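Below: the structure, in structure tokens.
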Amino acid sequence: MSKKISETDISPIDIDADLMFNEWEPSQQVATSLLHAPTLNTLAYKEVESFDIDYYYCMIFALKGHAKLISLKGEESGEVHEKKIMLIPMGKYIKLESADKNGFEYISIQFRPSINLCMGKCPRSGTIYGNTVCKVSRNKSEDQITTLNINEGMWPWIDQVLFYIKTSPNAIPAFEIKLRELFYILRIGYDSDKSQEFLNSYHCHNLGFRAFVFRHHLDCKTVEDLAELMQLSTSTVKRLFLDEFGMPPLKWMHEQKARFIYRDLADNSISLQQIADRYHFSSISYLCVFCRKAFGVTPLKARKTLTPEWEDKL
């Protein structure tokens, strides 16, 4: 029987013991990839839904209508049209606003990086196993949101997922198998170049370095703190960050901190002092300095610009 993998484990799953290659006993299976069961959602015209993607990935299957896509500080924008799949990589903070008067209907699936999904065929990027570090150079494009057309081979899979959502919404073992089947369809049902471009941001072995960083960076005030937590030298962490994220660690940490501060500013129940304490600022004045650099305005002005719709969703 395969060992149960927790969120903090960084060892690869034993393929020989995987349920796709062995006898399967439903009562003994737990989800190893899914964050939770997929959901079917409908946004009314101009209704907004936000996605704060941390140490996992999210796929959106646009079934009906279309929506506007906007990320933090407008770094990425565009539209998501029906019959499209969108892959949101780790570390994204976006909102979807329905732009269709008949509403925008979509399936949302959130999942962790796992070798069970790609069967070890994706690049091993910035992964830590014991004291061994495997790294593959990454491009900035690997952290971008990607889209793919829903082809005729994908619709039967979608129909069955919709059936499970409507009849057995908590059937996690079934959804786990459907998620693995999805990656199989992406590999065999699409042109290899299109499939690879769509999955450009997905790396199963990011369960190591990358996922560790996403889980713990807010606990660290400096790069040195993060390096100490990872039991690596500061120079090694800086090198891995350049390989994995395409930027120095301090710049990346500031960008991610801005994402979380922006989210908290949308919640009026959280005071500026609480935000300053939460993100290791010694005073509200230093929080103001940070917000001016990140958003171009003070935290109070940023909070006032957030609409009631944002406050409901964030």
Side-chain angles (χ1 to χ4, degrees), residues 7 35-36 39 41 43 46-60 67-78 80 86-98 104 106 108-112 143-145 201 210-221 225-226 245 247 249-314:
E7 285 186 7
L35 210 64
H36 48 69
T39 58
N41 310 278
L43 298 181
K46 291 191 176 181
E47 186 179 0
V48 175
E49 183 66 73
S50 62
F51 296 84
D52 190 3
I53 309 301
D54 200 358
Y55 58 88
Y56 53 91
Y57 295 84
C58 179
M59 272 196 201
I60 301 294
K68 295 179 181 178
L69 166 67
I70 302 175
S71 66
L72 176 62
K73 297 188 292 183
E75 294 164 348
E76 290 178 277
S77 61
V80 183
M86 180 173 66
L87 175 59
I88 307 173
M90 288 182 178
K92 289 294 181 182
Y93 181 43
I94 70 166
K95 66 176 181 178
L96 290 178
E97 179 181 348
S98 175
F104 176 62
Y106 65 94
S108 172
I109 302 179
Q110 297 176 347
F111 54 93
R112 306 176 187 90
D143 295 317
Q144 301 304 307
I145 295 171
S201 67
R210 189 176 181 85
F212 186 95
V213 168
F214 272 108
R215 289 192 190 97
H216 298 290
H217 68 91
L218 289 178
D219 300 326
C220 303
K221 189 174 182 180
D225 291 342
L226 183 61
F245 299 103
M247 66 178 69
L250 188 59
K251 183 176 187 296
W252 184 91
M253 291 171 71
H254 282 172
E255 287 186 358
Q256 293 302 309
K257 185 178 290 188
R259 176 168 69 95
F260 283 90
I261 290 174
Y262 191 80
R263 180 197 64 185
D264 288 352
L265 287 173
D267 185 349
N268 284 320
S269 67
I270 304 176
S271 70
L272 295 186
Q273 185 61 58
Q274 288 174 312
I275 294 175
D277 293 340
R278 180 175 295 178
Y279 300 105
H280 308 292
F281 293 102
S282 59
S283 68
I284 294 178
S285 296
Y286 283 105
L287 173 64
C288 290
V289 171
F290 181 89
C291 289
R292 283 184 181 277
K293 290 182 179 179
F295 312 126
V297 294
T298 64
L300 277 178
K301 287 185 177 180
R303 171 164 277 175
K304 289 178 180 178
T305 61
L306 296 174
T307 65
E309 287 80 8
W310 271 96
E311 291 176 11
D312 290 341
K313 296 295 179 181
L314 291 172

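These figures come from a predicted structure and were not determined experimentally.
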task: Classify the ring geometry between His216 and Phe212 as parallel (under 30°), tilted (30 to 60°) or perpendicular (over 60°).
output: tilted
message: Quick one, Leu96 with Leu69, criterion side-chain contact (heavy atoms from CB on, under 4.5 Å). Give me CA distance, side-chain angles, the key distance, then yes/no.
response: CA-CA 5 Å; Leu96 290 178; Leu69 166 67; 4.0 Å; yes
Contact summary for Phe104 and Val80, nearest pair of heavy atoms: CE1-O, 4.1 Å
message: Quick one, Leu265 with Leu272, criterion side-chain contact (heavy atoms from CB on, under 4.5 Å). Give me CA distance, side-chain angles, the key distance, then yes/no.
response: CA-CA 8 Å; Leu265 287 173; Leu272 295 186; 3.8 Å; yes
message: Could you check whether Arg259 pairs with Glu255 (Lys NZ or Arg NE/NH1/NH2 to Asp/Glu carboxylate O, under 4.0 Å)?
response: no
message: One pair to check against side-chain contact (heavy atoms from CB on, under 4.5 Å): Met253 and Asp225. What are the steps and the verdict?
response: CA-CA 12 Å; Met253 291 171 71; Asp225 291 342; over 6 Å; no
query: Is Leu226 close to Pro249 at the side-chain level, that is, under 4.5 Å between some pair of heavy atoms?
result: no
query: At their closest point, which heavy atom of Ile53 faces which heavy atom of Pro89, and how far apart are they?
result: CG2-O, 3.5 Å
field: Minimum heavy-atom distance Met90-Tyr56, with the two atoms named
entry: CG-O, 3.4 Å
- request: Would you name the heavy atoms of His280 and Leu218 that are closest together and state the gap between them?
  value: NE2-O, 3.0 Å
task: Take Arg278 and Asp264 through the test side-chain contact (heavy atoms from CB on, under 4.5 Å) and record every step on the way to the result.
output: CA-CA 10 Å; Arg278 180 175 295 178; Asp264 288 352; 2.9 Å; yes
field: SG on Cys288 to CG on Leu300, rounded to 0.5 Å
entry: 7.0 Å
field: Minimum heavy-atom distance between Ile261 and Phe295, given as atom pair plus value
entry: CG2-CE1, 4.3 Å
- request: Evaluate the side-chain proximity of Ser108 to Asn41: yes if any heavy-atom separation is below 4.5 Å, no if none is.
  value: yes
field: Ring-face cation contact, Phe281 with Lys257, 6.0 Å cut, 45° max
entry: yes
message: Just verifying a value: how many Å separate His36 NE2 and Ile109 CD1, rounded to the nearest 0.5 Å?
response: 10.5 Å
query: To the nearest 0.5 Å, what is the distance between CD1 (Ile94) and CE (Met86)?
result: 4.5 Å
- prompt: Just how far is it from atom OG of Ser271 to atom CG of Asp277, taken to the nearest 0.5 Å?
  reply: 7.5 Å
- request: Measure across Ile270 and Gln274 and return the closest heavy-atom pair with its distance rounded to 0.1 Å.
  value: CA-OE1, 3.4 Å
field: Flag side-chain contact, heavy atom, 4.5 Å: His254 against Leu250
entry: yes
query: How many angstroms lie between atom CD1 of Ile88 and atom CD of Gln144, to the nearest 0.5 angstrom?
result: 12.5 Å
- prompt: Using 30° and 60° as the class limits, which term best fits the ring planes of Phe111 and Tyr57: parallel, tilted or perpendicular?
  reply: parallel
